[in-house]
Chemist: 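The following block contains the structure, expressed as structure tokens.
Computed from a predicted structure; not experimentally measured. Numbers restart at 1 for each chain; the letters A, B, ... are given by sequence-line order, proteins then strands.
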Number of protein chains: 2
Amino acid sequence: MTVPTIDDVAAAAGVSKATVSRVISGTFTHIRPETRRRVEEAIAALNYRPSAVARSLTSHRTNTVGMLVSDVANPFYGDVIHGVEDEGIAAGYNVLLANTNYDLDRGMALIRSLIDRRADGVLIMSSSGSDAWLRELAQAGMPAVVLDWAGRKSEQVSRIEVDFRPGIAEAAAHLLELGHKRFGHIAGPLTLRTSRDRRDAFLDALAEGGVARDRALVATGPLTIEGGREAWRLLREEARTPTALFCANDLMAIGALSAARSEGLRVPGDLSIIGLDDIWLAPQFDPPLTTVALPRYEIGKLAMRLLLKLLAGAAPERQVVVTSLVIRKSTGAP
Amino acid sequence: MTVPTIDDVAAAAGVSKATVSRVISGTFTHIRPETRRRVEEAIAALNYRPSAVARSLTSHRTNTVGMLVSDVANPFYGDVIHGVEDEGIAAGYNVLLANTNYDLDRGMALIRSLIDRRADGVLIMSSSGSDAWLRELAQAGMPAVVLDWAGRKSEQVSRIEVDFRPGIAEAAAHLLELGHKRFGHIAGPLTLRTSRDRRDAFLDALAEGGVARDRALVATGPLTIEGGREAWRLLREEARTPTALFCANDLMAIGALSAARSEGLRVPGDLSIIGLDDIWLAPQFDPPLTTVALPRYEIGKLAMRLLLKLLAGAAPERQVVVTSLVIRKSTGAP
DNA sequence: GGTCATTGTGAAACCGGTTTCAAATGATGC
DNA sequence: GCATCATTTGAAACCGGTTTCACAATGACC
């Protein structure tokens, strides 16, 4: 019971394979209704499905895009993949997913594999990447969309950048509006550019609201729950213990929250806390966490749309995705 | 600047394309070292990469496997995908990921798409599936591996089943050993088979330890944090409030824990809690959660291995994956 | 009734590889 | 010096589709 080919269908319908091809491709080329019927019956009878492999050979399109992520298990990517897929399916594309595991060499090997498979394009969503990847893709003539890392400018590459400033500015404004006077920030490791950016965005926004930069306390730690706990303990010892806290991500916010609570503080009564990311846990937490949300699903959709535009022959572009504040129950008046 | 083909290489090296093919395929067929060198130089000079599409056409293998999941954003799948990928990469396979979104029709469409693309096989890891999927795959002669849902028996299909009993039995034994006398269970919706299985496994294990089935309190709710909170409030009102609690998943355990704590109970001092799943949050929580762990990464690896065996011509098989207890800090003596 | 445009279909070339088959070359044995 | 055999290579067929080109049949028009 071997898989039927177009020749089998042609033989069964008593026509040439060219005719069968015309019927299935649906392009309008005057086919007698009677002939069309015979072909369609043969297709149904044999349960024939044209081979995308053979089609790709002549069409030079595989309707497949590669997607590189650092680590699928990272919850950030779940929603992004969702967006990519929904947008891709609608356009008839499939997604070849590949994990770099934060390893540049593995990433390069995956890129090569995508080139060999003649993917139509690549979405590079890994947290880091190398210019060598882009060079390899450029040589193969494969368009790409990269998320947020600053590689060298390159043809056929569109970029998505995430701007945290608007959301963080909203966060600061929200806290000021509630009447807070003593602010703290729990930052990630300051060796990371994103950690510095987030800190600066917060301090700048406060400054705009009339709070001098050196009036806000800053502690740092790893971007984990435990990191948030430890950082809070550092802030706690300062003279002007903050009543309002902005954390570099939701995990640290949760850590700080649980540490503060175990010291008897009430949230939001004694301490208001804002996170960043809007992970699935944020709305379920007690109290539901006010946070600066990243539109992950939309980033995925946008990335796929940008790639489709490149595939349609459009010029590369740069798009900025903005963040925004989601107000829940972890913030209130001091 | 078009992508070079094997003919370009042949012309550049001054040999026939058959010779080039022999050099790149590496199969031993007596090639003069001098000739080989010339071909390799031409390949390097042109940066030639053979098209996997063209190769697939003759070889009838795409070195691609499809993977159906209900929802990539569900943290369960992250680790599974990881396992599939690691095992797949090692064997030279790529993974076409597809989300069913819990929709059987969408799943069917995805299966058809995989058939059209001539994937070598399919991993069906979605929480549910239909026999029609398997029928379609069988007709196309595509082997499959399914995870844990009981479809009709079918040729060319291997199965992985997850057995929660060992881990749950360990959990019950652990609580008994700590000296607990009053037990509670927070179950998921009892319309789900898995919810009933987990409850029964727990009650059976307690019975084996000498605790009558009707001595343990059972409450149910949705499998969320909030569901856990609500279920705990129900148990709280019972006369013999439990000192030891086993929850159907980690989220409910976290919910129950936070509800109990907000009532002034200490965990594990006043109440011991065990979850199930071992989500990433479990070890980071305060206190780190004792839980029945599912070997997600191993499930992924196993699934891919089973598929590779099928592809190598082996007979379908059934493998059972067992769970085990991970003891952390949310359990202690009453 | 002949010319011409339109419709409907098949033969053959093509996409980029692999594989079969045959032929050319060189080495070996007697 | 010639038959024999192994090594090395190329021509051509093939994989399963799409597309071009040619041709036959039909209908419109004068």
Side-chain angles (χ1 to χ4, degrees), chain A residues 2-40 42-43 46-64 92 113 115-120 140-141, chain B residues 2-40 42-43 46-64 92 113 115-120 140-141:
Chain A
T2 160
V3 181
T5 73
I6 197 171
D7 289 302
D8 300 328
V9 176
V15 298
S16 74
K17 57 190 228 174
T19 301
V20 177
S21 173
R22 286 191 266 255
V23 170
I24 57 189
S25 73
T27 59
F28 179 68
T29 46
H30 319 288
I31 293 172
R32 201 145 46 101
E34 157 69 9
T35 310
R36 176 187 301 278
R37 194 184 52 69
R38 286 225 312 281
V39 172
E40 277 165 354
I43 288 175
L46 296 173
N47 205 326
Y48 166 73
R49 313 228 86 218
S51 157
V53 175
R55 285 182 145 172
S56 296
L57 194 57
T58 43
S59 68
H60 297 283
R61 321 195 74 239
T62 52
N63 289 308
T64 301
S113 165
I115 292 175
D116 291 350
R117 291 188 138 72
R118 302 294 192 263
D120 293 335
Chain B
T2 159
V3 181
T5 73
I6 197 170
D7 289 302
D8 300 328
V9 176
V15 298
S16 74
K17 58 190 226 173
T19 301
V20 177
S21 173
R22 284 190 268 257
V23 170
I24 57 188
S25 73
T27 59
F28 175 68
T29 43
H30 319 288
I31 292 171
R32 204 147 43 99
E34 157 68 9
T35 309
R36 177 187 300 277
R37 195 185 51 70
R38 285 226 311 283
V39 171
E40 278 165 353
I43 288 176
L46 296 172
N47 205 325
Y48 166 73
R49 313 226 88 220
S51 156
V53 175
R55 283 182 146 172
S56 295
L57 194 58
T58 43
S59 69
H60 296 285
R61 322 196 72 240
T62 52
N63 288 308
T64 301
S113 164
I115 292 175
D116 291 350
R117 291 189 140 70
R118 302 296 191 260
D120 292 334

Chemist: Between dT18(C) atom C1' and His60(B) atom NE2, what is the distance in whole Å?
Modeler: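 Rounding to the nearest Å, NE2 of His60(B) and C1' of dT18(C) are 11 Å apart.
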
Chemist: Please answer whether the main-chain N or O of Ile31(B) pairs with a side-chain N or O of Arg36(B) as donor and acceptor at a distance below 3.5 Å.
Modeler: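 Judged by distance alone, no pair lies under 3.5 Å.
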
Chemist: Among dG10(D), dT8(D), dT9(C), which is the nearest nucleotide to the side chain of Arg32(A)?
Modeler: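 Selected nucleotide (nearest to the side chain): dT9(C).
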
Chemist: Test your reading of the model: is there a side-chain donor-acceptor pair from Thr64(B) to the backbone of Thr62(B), 3.5 Å cut-off?
Modeler: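 Judged by distance alone, yes, a pair lies under 3.5 Å.
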
Chemist: Less than 4.0 angstrom from a charged side-chain N to a carboxylate O is my criterion; do Arg37(B) and Glu40(B) meet it?
Modeler: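 No, Arg37(B) and Glu40(B) are not salt-bridged.
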
Chemist: Over how many whole Å does the gap from Ile31(A) atom CD1 to dT7(C) atom P extend?
Modeler: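 Whole-Å distance recorded here is 13 Å.
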
Chemist: Output the rounded distance in Å from CD1 (Ile6(A)) to C1' (dC14(D)).
Modeler: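 Ile6(A) atom CD1 is separated from dC14(D) atom C1' by 16 Å.
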
Chemist: Do the side chain of Ser21(B) and the main chain of Lys17(B) share a donor and acceptor less than 3.5 angstrom apart?
Modeler: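 Flag not set: sc Ser21(B) to bb Lys17(B) has no pair under 3.5 Å.
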
Chemist: What is the separation between atom CG on Leu46(A) and atom P on dG16(D), rounded to the nearest whole Å?
Modeler: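 Distance check: Leu46(A) CG to dG16(D) P gives 14 Å.
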
Chemist: Between residues 48-57 of chain B and DNA chain D, which residues have a heavy-atom gap below 4.0 Å?
Modeler: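 Close to the strand are Leu57(B).
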
Chemist: Sequence neighbours left out, what passes side chain to side chain contact (heavy atoms under 4.5 Å, CB included) with Ser59(B)? Give chain and number order.
Modeler: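 Ser59(B) satisfies side chain to side chain contact (heavy atoms under 4.5 Å, CB included) with Arg61(B) only.
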
Chemist: When rounded to the nearest 0.5 angstrom, what distance separates CG in Asn63(A) from CG in Asp116(B)?
Modeler: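 So the gap between those two atoms works out to 11.0 Å.
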
Chemist: Over how many whole Å does the gap from Glu34(A) atom CD to dT9(C) atom C1' extend?
Modeler: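 Distance, rounded to whole Å: 14 Å.
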
Chemist: Just how far, in rounded Å, is P of dG16(C) from CG of Asp116(A)?
Modeler: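 So the two atoms are 15 Å apart, to the nearest Å.
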
Chemist: Rounded to whole Å, please give me the gap between CZ in Arg117(A) and C1' in dG16(C).
Modeler: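 It works out to 16 Å between those atoms.
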
Chemist: Record whether the side chain of Arg22(B) comes under 3.5 Å of the base of dG10(D) through a donor-acceptor pair of N or O atoms.
Modeler: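 Donor-acceptor pair under 3.5 Å: yes.
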
Chemist: Classify the nucleic acid contact of Thr35(A) as base, sugar-phosphate or nothing, counting any heavy atom under 4.0 Å across all strands shown.
Modeler: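 It contacts sugar-phosphate atoms only.
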
Chemist: How many angstroms lie between OG1 in Thr19(B) and CD1 in Ile24(B), if you round to the nearest 0.5 Å?
Modeler: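 Here the rounded value is 11.0 Å.
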
Chemist: Send over the distance from Ile24(A) CD1 to dT19(D) P, rounded to a whole Å.
Modeler: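 Atom CD1 in Ile24(A) sits about 11 Å away from atom P in dT19(D).
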
Chemist: Scan residues 13-21 of chain B against DNA chain C and write down, sorted by residue number, each residue with any heavy atom closer than 4.0 Å; if none is found, say none.
Modeler: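 Heavy-atom cutoff 4.0 Å gives Lys17(B), Ala18(B), Ser21(B).
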
Chemist: Between Ser56(B) (side chain) and Ala52(B) (backbone), is there a donor-acceptor pair under 3.5 Å?
Modeler: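 Side chain of Ser56(B) to backbone of Ala52(B): a pair is present.
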
Chemist: If I take atom NE2 from residue His60(B) and atom OG1 from residue Thr2(A), how far apart are they, to the nearest 0.5 angstrom?
Modeler: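 Interatomic distance, His60(B) NE2 to Thr2(A) OG1, rounded to 0.5 Å: 8.0 Å.
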
